[in-house]
Novice: 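What follows is a single structure, and I will ask about it in a moment.
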Amino acid sequence: MDLRIVVAAHKPYAMPSDPAYVPLQVGALGKPPIVNEQGREFLRDDTGDNISAKNSSWCEMTGVYWAWKNLKSDAIGLAHYRRHFKGRGGSIATGDEIRAILEGTDGNPPVDVLLPKKRNYFIESTYSQYAHAHHAKDLDLTREVLSELDPESVVHFDAAMKSTRGHRFNMFVMRRALFDDYCSWIFPILEALEDRLDTTGYSQYDLRVYGFLAERLLDVWIARRGVKYAERPVLHLEGQNWPRKILSFLTRKFIRRRA
């Protein structure tokens, strides 16, 4: 299986040496090339058919689009410069480990998609967590767009919004046919949202709205297609400040930033 996992990055960073990994500079348009300390120059998302100019609001989805249009591999994935699927021994998963998961040679049934383990908000639904962290109208408009472009997905959207658990980070590895299906499904939805969503007054952080929405829509597509998937833990190369994360989470929930 020819496997390529795009590693989205916007600054120099050490990259896995495994040939399955493809370091990609996202939001590269108008910026100098990235060369990391190992002397490795990253590929750029402003080459070939691309939407690099949208990166400030679409985030790593510009890398997904670039991979869709410019890579021809049997399976394609997305990771992040500091966030990867965890392999055996706690290191970054190798290409061979990921192939084994997809092909079922790891002792488990074969699957079509690899996803990170779900995040559990416990006291929040996906909808309420997003509403407290960003703008609820983003999700409300997303539901409207889905009802127009793919009405059968609305029931799955509603279920995902009510759930306290979900796959996050826009991380995945997919067999090619499903990757093509996913991209053909999600990019028209994001484009419709971009045409209709009024982001006046949004902070720089909230302007990354289409990347945030793509995170929530991945589970909708998974359920809509009935995709067989496996999960792996996520390796955070820079660690996580859990006390600060929990405090921020509780502050957003109980001290609303917005009316």
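In this text the structure is predicted, and so the values were computed from the model without any measurement.
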Novice: Are L207 and I51 linked, directly or through intermediate hydrophobic residues, by side-chain heavy-atom contacts shorter than 4.5 Å (ILVMFWY only)?
Specialist: yes
Novice: H236 and F169: ring pair (Phe, Tyr, Trp, His ring centres under 6.0 Å), yes or no, with the steps?
Specialist: CA-CA 11 Å; H236 298 270; F169 309 129; 5.7 Å; yes
Novice: Tabulate below the donor-acceptor pairs under 3.5 Å that side-chain atoms of residues 14-29 make, not counting sequence neighbours, or state none.
Specialist:
unit_1: D18; atom_1: OD1; unit_2: A20; atom_2: N; d: 2.8
unit_1: D18; atom_1: OD2; unit_2: G95; atom_2: N; d: 3.0
unit_1: Y21; atom_1: OH; unit_2: A93; atom_2: O; d: 2.5
unit_1: Q25; atom_1: OE1; unit_2: I34; atom_2: N; d: 3.1
unit_1: Q25; atom_1: NE2; unit_2: P32; atom_2: O; d: 3.1

Novice: With rounding to the nearest 0.5 Å, note down the distance linking CZ in F157 to CZ in R216.
Specialist: 10.5 Å
Novice: Going by ring pair (Phe, Tyr, Trp, His ring centres under 6.0 Å), name the residues that satisfy it together with Y81, two or more places apart in sequence or in a different chain.
Specialist: H10, Y13
Novice: Find out if a path of hydrophobic residues (ILVMFWY) with successive side-chain heavy-atom gaps under 4.5 Å connects L149 to M161.
Specialist: yes
Novice: Going by salt bridge (charged side-chain N to carboxylate O under 4.0 Å, His left out), name the pairs with one or both residues in residues 36-49, residues two or more places apart or in two chains.
Specialist: R44-D46
Novice: Can you pull out every salt bridge (charged side-chain N to carboxylate O under 4.0 Å, His left out) where at least one residue sits in residues 57-81? Sequence neighbours excluded, please.
Specialist: none
Novice: Once rounded to the nearest 0.5 Å, what's the spacing between atom CG of L193 and atom CH2 of W58?
Specialist: 8.5 Å
Novice: Measuring centre to centre across the rings, with the benzene-like ring taken for any Trp, is Y202 within less than 6.0 Å of H134?
Specialist: no
Novice: Report the distance from atom OG of S91 to atom CD of E97, rounding to the nearest 0.5 Å.
Specialist: 6.5 Å
Novice: Mind checking ring pair (Phe, Tyr, Trp, His ring centres under 6.0 Å) for F187 and listing every partner two or more places apart, or none if nothing turns up?
Specialist: Y65, W68
Novice: Do I5 and L237 sit in the same hydrophobic cluster, where Ile, Leu, Val, Met, Phe, Trp and Tyr count as joined when their side-chain heavy atoms come under 4.5 Å apart?
Specialist: yes
Novice: For N108, give me all partners under side chain to side chain contact (heavy atoms under 4.5 Å, CB included), at least two apart in sequence or on another chain.
Specialist: D106
Novice: How many angstroms lie between CH2 in W185 and CZ in R224, if you round to the nearest 0.5 Å?
Specialist: 8.5 Å
Novice: Verify salt bridge (charged side-chain N to carboxylate O under 4.0 Å, His left out) between D158 and K162, making sure each step is shown before the conclusion.
Specialist: CA-CA 6 Å; D158 290 344; K162 292 175 183 176; 6.0 Å; no
Novice: Determine whether the aromatic ring centres of residues H167 and Y229 are separated by less than 6.0 angstrom.
Specialist: yes
Novice: Rounded at 0.5 Å granularity, tell me how far NZ in K54 sits from CG in L190.
Specialist: 9.5 Å
Novice: Rounded at 0.5 Å granularity, tell me how far CG in L178 sits from CD1 in I76.
Specialist: 12.0 Å
